[in-house]
Amino acid sequence: QVQLVESGGGSVQAGGSLRLSCSASRNTYSSACMTWFRQAPGKEREGVATIYTGGGSTYYADSVKGRFTISQDSTWKTLYLQMRSLKPEDTAMYYCAADFRLRRDACLTMRYEYDYWGQGTQVTVSS
């Protein structure tokens with residue numbers, strides 16, 4: 001079992017930056033798939049960025065590549081999403097998710113079901 005709590009959301013103007021955090025109740029060193037998702041009103045949930053902790057492989061959605069960076073702290077208990085050059089279309093509720101069963105290739109697709117979810121943090125980008 002692991003509990004996930006997101007923080008760091010807020011309102012920012014286009015071009016600005018935010019860093020989201022996801023605190024886990026235990027470390028995720030042992031080959032965990034840690035992923036940031038987002039969901040805007042009226043839209044489907046989409047995977048934004050993912051990291052497979054067994055090796056550190058990462059993958060980004062095309063819409064955020066080059067602007068967002070996923071990382072973890074040295075304790076493997078906090079997941080970050082550094083967001084730069086934000087656009088109004090980045091406005092959404094952002095969720096972190098974790099799964100300890102997915103292997104690397106499945107993790108990097110951001111398409112499978114995850115066992116653990118946070119409650120979400122709202123990001124609003126104004127033009």
Side-chain angles (χ1 to χ4, degrees):
Q1 286 280 354
V2 62
Q3 285 76 46
L4 304 173
V5 179
E6 302 96 334
S7 62
S11 296
V12 64
Q13 288 195 326
S17 299
L18 283 173
R19 189 176 78 161
L20 305 183
S21 299
C22 173
S23 296
S25 57
R26 67 173 179 90
N27 75 63
T28 59
Y29 178 76
S30 55
S31 301
C33 179
M34 304 292 295
T35 304
W36 285 100
F37 288 87
R38 67 185 181 187
Q39 188 165 21
K43 295 190 176 180
E44 290 189 356
R45 186 181 67 201
E46 65 169 333
V48 174
T50 190
I51 183 167
Y52 185 67
T53 64
S57 298
T58 58
Y59 185 80
Y60 298 89
D62 288 343
S63 57
V64 306
K65 206 169 290 184
R67 299 187 299 121
F68 290 11
T69 303
I70 190 171
S71 63
Q72 287 191 284
D73 72 347
S74 59
T75 68
W76 298 88
K77 291 186 70 175
T78 303
L79 180 73
Y80 299 107
L81 184 67
Q82 178 68 54
M83 306 185 295
R84 298 182 176 88
S85 302
L86 283 161
K87 304 175 181 180
E89 51 263 43
D90 294 318
T91 296
M93 185 71 80
Y94 284 71
Y95 301 89
C96 72
D99 196 279
F100 297 91
R101 299 172 296 119
L102 293 174
R103 293 295 179 257
R104 176 188 174 278
D105 288 350
C107 177
L108 299 186
T109 68
M110 300 189 288
R111 291 180 183 275
Y112 290 84
E113 293 299 319
Y114 287 68
D115 284 339
Y116 305 103
W117 291 84
Q119 82 291 348
T121 186
Q122 177 68 38
V123 171
T124 302
V125 184
S126 58
S127 57

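Please read all numbers here as calculations on a predicted model, not as lab measurements.
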Quick one: do R38 and V64 satisfy side chain to side chain contact (heavy atoms under 4.5 Å, CB included)? Show the steps, please.
CA-CA 12 Å; R38 67 185 181 187; V64 306; 3.9 Å; yes
Distance (rounded to the nearest 0.5 Å) between L108 CG and T35 OG1:
8.5 Å
Using a cut-off of 6.0 Å, state whether more than 12 heavy atoms not belonging to K43 lie near its atom NZ.
no
Between D62 and K65, is the closest basic N to carboxylate O distance under 4.0 Å?
yes
How far does CG of L4 sit from SG of C96, to the nearest 0.5 angstrom?
4.5 Å
Residues, nucleotides or ligands: over 12 heavy atoms within 6.0 Å of R103 CZ
no
Compare every heavy atom of Y52 with every heavy atom of S31, then report the nearest pair and how far apart it is.
CB-OH, 3.4 Å
What closest approach, in Å, do Y60 and T69 show between heavy atoms, and which atom pair accounts for it?
OH-CA, 3.4 Å
Would you say Y114 and L79 are hydrophobically clustered, going by side-chain heavy atoms of ILVMFWY under 4.5 Å?
no
Quick one: does D115's side chain have a donor or acceptor within less than 3.5 Å of a partner on D99's backbone?
no
Hydrophobic cluster membership, with links at side-chain heavy-atom distances under 4.5 Å among I/L/V/M/F/W/Y: are V2 and Y95 in one?
no
Let me confirm one number: the CZ-OG distance from R19 to S7, rounded to the nearest 0.5 Å.
9.0 Å
Nearest heavy-atom contact between A61 and M110 is N-CE, 4.0 Å
Quick check on the hydrophobic clustering: are W36 and L18 connected, directly or via other members, by side-chain heavy-atom contacts under 4.5 Å?
yes
Which distance, rounded to the nearest 0.5 Å, do you find between the CG of L86 and the CD of Q13?
11.5 Å
Looking at every heavy atom in both S85 and S17, which two are closest together, and how far apart are they?
N-OG, 4.4 Å
What's the separation between atom CD in Q3 and atom OG in S23, rounded to the nearest 0.5 Å?
12.0 Å
Could you report the tightest heavy-atom contact between L81 and A49, atom names first, then the distance?
CD1-CB, 4.0 Å
Taking atom types as modelled, is there a side-chain donor on T121 or E6 under 3.5 Å from an acceptor on the other?
no
S127 and P88 have their tightest heavy-atom pair at CB-CG, 3.9 Å
Do the side chains of E89 and V125 get nearer than 4.5 Å, heavy atoms only?
no
Single-linkage hydrophobic cluster F68~I70, side-chain heavy atoms < 4.5 angstrom
yes
In the structure I gave you, are the side-chain heavy atoms of S71 and I51 within less than 4.5 Å of one another anywhere?
no
Test your reading of the model: is there a side-chain donor-acceptor pair from T53 to the backbone of A32, 3.5 Å cut-off?
yes
Would R45 pass as a cation-pi partner of F37, given that its NZ or CZ must be under 6.0 Å from the six-membered ring centre and within 45 degrees of the axis?
yes
Considering the options Q122, M83, Q39, which one meets the side-chain contact (heavy atoms from CB on, under 4.5 Å) requirement together with Y94?
M83
What distance separates C33 SG from R104 CZ, expressed to the nearest 0.5 Å?
11.0 Å
For the residue pair F100 and Y116, does the interplanar ring angle fall in the parallel (under 30°), tilted (30 to 60°) or perpendicular (over 60°) class?
perpendicular
Verify same cluster id: V48, M34 (apolar side-chain graph, 4.5 Å):
yes
